[in-house]
Amino acid sequence: MPSNDARNLLQTAVPTAAVGVVTVAVSGVVAGGKGALGAGIGTLLAILFMGIGLFVLQWTAKTLPQLFQAMGMMLYVAQLLLLLIFVALFKDTSLFHPKTFAIGLVVATVVWMAAQARAHMKAKIFYVDPDAAKSEKPEKTGPSS
């Protein structure tokens, strides 16, 4: 993973994990051990899905830039469907508290998106790739005499 991608991942995952720890602590106080477990699972699931999504989008941007926007839309729809499937499978579970799971998931997702937007705004991204310009030989445009 190039350093810019790793920096972007670090700037999004760290705030999300920090807010997740706070969410787990508050859920533990409010709903007990099952509440803390639910918030923790929700936070981890959000970090996992968003991290994989970020990796896939960065890979797509580098290898297939013409598919970047379509891949982004497809990826977000797939993430939502996977989350719906996960919620449907565990809606009647007694393993963790479902409301704290939902709160942890939503809070972590919102913080991830806000941190990702902030990281993108602070990134110094070239509009033109300077390495590509150096490797190309200039073409002759005028008559050669």
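Just the heavy atoms: all of them, side chains too, but no hydrogens, waters or symmetry mates, feed the values below.
Taking CD1 from I41 and CZ from F96, the interatomic distance works out to 4.5 Å, rounded to the nearest 0.5 Å. Atoms CE and CD, from M74 and Q79 in turn, are 10.5 Å apart once rounded to the nearest 0.5 Å. With values rounded to the nearest 0.5 angstrom, L84 atom CG is found 11.5 Å from K91 atom NZ. Going from atom CD1 of I52 over to atom CD1 of I47 covers 12.0 Å, rounded to the nearest 0.5 Å.
Note on F86 and L95: same hydrophobic cluster, where clusters join Ile, Leu, Val, Met, Phe, Trp and Tyr whose side-chain heavy atoms are under 4.5 Å apart, directly or indirectly. In the hydrophobic cluster analysis, where Ile, Leu, Val, Met, Phe, Trp and Tyr join through side-chain heavy atoms closer than 4.5 angstrom, V26 is grouped apart from V107. Tracing side-chain contacts under 4.5 Å through hydrophobic residues (I, L, V, M, F, W, Y), one never reaches L44 starting from L48; they form parts of separate clusters. Hydrophobic cluster membership differs between V110 and I103, with clusters built from Ile, Leu, Val, Met, Phe, Trp and Tyr side chains linked at under 4.5 angstrom. Transitive grouping of hydrophobic side chains (ILVMFWY, heavy atoms separated by less than 4.5 Å) keeps L81 and L105 in distinct clusters.
When each of V29, T23, V24 is paired with S27, the side-chain contact (heavy atoms from CB on, under 4.5 Å) condition holds for T23 and for no other.
Within 6.0 Å of CD in Q66 there are more than 12 heavy atoms belonging to other residues, nucleotides or ligands.
Residues F101 and V87 meet the side-chain proximity criterion, which asks for heavy atoms closer than 4.5 Å. Taking 4.5 Å as the limit, some side-chain heavy atom of T109 sits within range of a side-chain heavy atom of M50. Contact annotation: the side chain of M71 approaches that of L57 to within less than 4.5 Å [non-hydrogen atoms, C-beta and beyond].
Taking the six-membered ring for Trp and the full ring otherwise, F49 and Y76 have centroids separated by 6.0 Å or more.
Proximity of a side-chain donor or acceptor of T43 to a complementary backbone N or O of G40 within less than 3.5 Å is not detected. Panel note: side chain T100, backbone G35; a donor-acceptor pair is recorded below 3.5 Å. A donor-acceptor pair under 3.5 Å is formed between the side chain of K34 and the backbone N or O of S94.
Considering every non-hydrogen atom in both L9 and T12, the closest pair reads O-OG1, 3.0 Å. Taking every heavy atom of both residues into account, A13 and W112 meet most closely at CA-CZ3, 3.7 Å.
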